[in-house]
Number of protein chains: 2
Amino acid sequence: MSTEPPLFDLRSRPERRDAARNRELLLDAAHRLVDRDGVDAVTMDAVAAEAGVGKGTVFRRFGSRAGLMSALLDHGEARWQGRVISGPPPLGPGAPALDRLLAFGESRLERTLVSGDLMVAAAGRHGRSLPAVGFLVAHVRHLLAELDVTGDLPVLALSLLAPLDVAFVLPQLEAGVTRERILATWTDLVRRVVEAG
Amino acid sequence: MSTEPPLFDLRSRPERRDAARNRELLLDAAHRLVDRDGVDAVTMDAVAAEAGVGKGTVFRRFGSRAGLMSALLDHGEARWQGRVISGPPPLGPGAPALDRLLAFGESRLERTLVSGDLMVAAAGRHGRSLPAVGFLVAHVRHLLAELDVTGDLPVLALSLLAPLDVAFVLPQLEAGVTRERILATWTDLVRRVVEAG
DNA sequence: AATAGAAACGGACTGCGGTCCGTTTCGAAC
DNA sequence: GTTCGAAACGGACCGCAGTCCGTTTCTATT
């Protein structure tokens, strides 16, 4: 998801100081541009100019526009993941698994609505980059297991996540389907799967 | 006061002859390029050159690269839709609805594998263009209704189609998930939904 | 402090999607 | 066959993602 190297990797030396400073400059600049002019205005040239560095540096740090967008998305995603892992129930731990799962769906849909344009911009060649959904799959899979759902849980988890993906949610909204219908149908779908064991 | 054009073709006048000829030239050229060098080699300039027309003409006919790709895809999709609507069972009519639905999933997955790269190239800004999946939704919806499945069938149908979408299938294949696992899990998912009424 | 080489830098350059607009072609009406 | 407005044409042009490579900066080592 993130382009930044792990904090403790024995094989790779820590980032040079100018590189680290430029990453911060670039992320700040990109964030500012998103807030001010929207995601579409975040061109690699604009980010470079706003940060006061060369364009090559942007690509060196983030690899691609999608990579930069992923890095921007990561801030929000990490906070959200925190709420899922250790926030208050029913999204966080402490509630029955089914309640958590349904709360997860609602919360995830919410995030898709809020950050949908960033998600679209962060998507690579085809849609999702599988690493990006790793957390989502792991969590749903875990809850399904707690609910004694049998089957190929990794694939099943991804199949349940697919309808909440930005690629399906946004077109439906544009076609007049409400947020509420999408959520209700997802809830319905999950209930059927869980009830069927 | 001159006489007005007939009322019945207010909306769609027939295409001018040069326009029709150029569409054919362009589709042929694009098809040739796909076969020879793959989807990625099909640039708008290349198609224009191969067809011997100007680049502006390509955009005038197809609107965008995604539009051109959709047009290419349409040939195969139409043939496939024909098999669904009036081909031999269990995909076509004549088999029980559940058998048809499961055959539909297998056949659709097949098509995704065969034409995945075209589908990716035909996808617009975000993922699906909703019109493109209209047929799929309508068909699944119809089968679900026959199976006495209740609920918000249009949204439910799309939710069941999502896991078969190229945006989810291709990354899984790259991650080592087999075609068989994807299909088996989809079958499992559909069975649970149908059994839960 | 000096050095050396690895890493990062920056901006010119390429290729592609998409637009624009002056020119050409079509075909309906006379 | 001539006329004329609408439609189509073509290719120069633009903006952006992504690459390349000569130059600069960092840091480990002595």
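Just so we're on the same page: letters track the sequence lines, and every chain starts at 1.
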Worksheet item: Looking only at heavy atoms, what is the nearest atom pair of A:Ala51 and A:Leu25, with distance?
Response: CB-O, 3.8 Å
Worksheet item: Does any N or O donor sit under 3.5 Å from an N or O acceptor when you compare the side chain of A:Arg16 with the base of C:dA8?
Response: no
Worksheet entry | Presence of donor-acceptor pair under 3.5 Å, side chain of A:Arg17 and base of D:dT27 | no
Discussion item. Between B:Glu106 and B:Arg111, does any side-chain N to carboxylate O distance fall below 4.0 Å?
Written reply: no
Discussion item. Using a strict threshold of under 4.0 Å (side-chain N to carboxylate O), is an ion pair present between B:Arg192 and A:Glu195?
Written reply: no
Worksheet item: Base, sugar-phosphate, or nothing: which does B:Arg21 touch, judged by heavy atoms less than 4.0 Å apart?
Response: nothing
Mind calculating the distance between [atom1] ([X]) and [atom2] ([N]) to the nearest angstrom?
X: B:Phe62; N: D:dC9; atom1: CZ; atom2: C1'; result: 15 Å
X: B:Arg23; N: D:dA8; atom1: CZ; atom2: P; result: 10 Å
X: B:Glu15; N: C:dG27; atom1: CD; atom2: P; result: 11 Å
X: A:Arg61; N: D:dA17; atom1: CZ; atom2: P; result: 19 Å

Discussion item. Using a 3.5 Å distance criterion without hydrogens, assess whether the side chain of A:Arg191 forms a donor-acceptor pair with backbone atoms of A:Leu98.
Written reply: no
Discussion item. Taking salt bridge (Lys or Arg N to Asp or Glu O under 4.0 Å) as the definition, give me every residue that meets it alongside A:Arg141, ordered by chain and number, with sequence neighbours left out.
Written reply: none
Discussion item. When you measure from the centre of the six-membered ring of A:Trp80, is the NZ or CZ of A:Arg108 closer than 6.0 Å and no more than 45° off the axis?
Written reply: yes
Item to complete: Assign each of B:Gly63 and B:Asp18 to its nearest nucleotide of DNA chain C by heavy atoms, then name whichever residue's nucleotide is nearer the 5' end.
Response: B:Gly63
Practice prompt. Spell out protein contact along nucleotides 10-16 of chain C as letters: B when the base is contacted, S when just the sugar-phosphate is, - when no protein heavy atom is under 4.0 Å; keep the 5' to 3' order.
Written response: BB----S
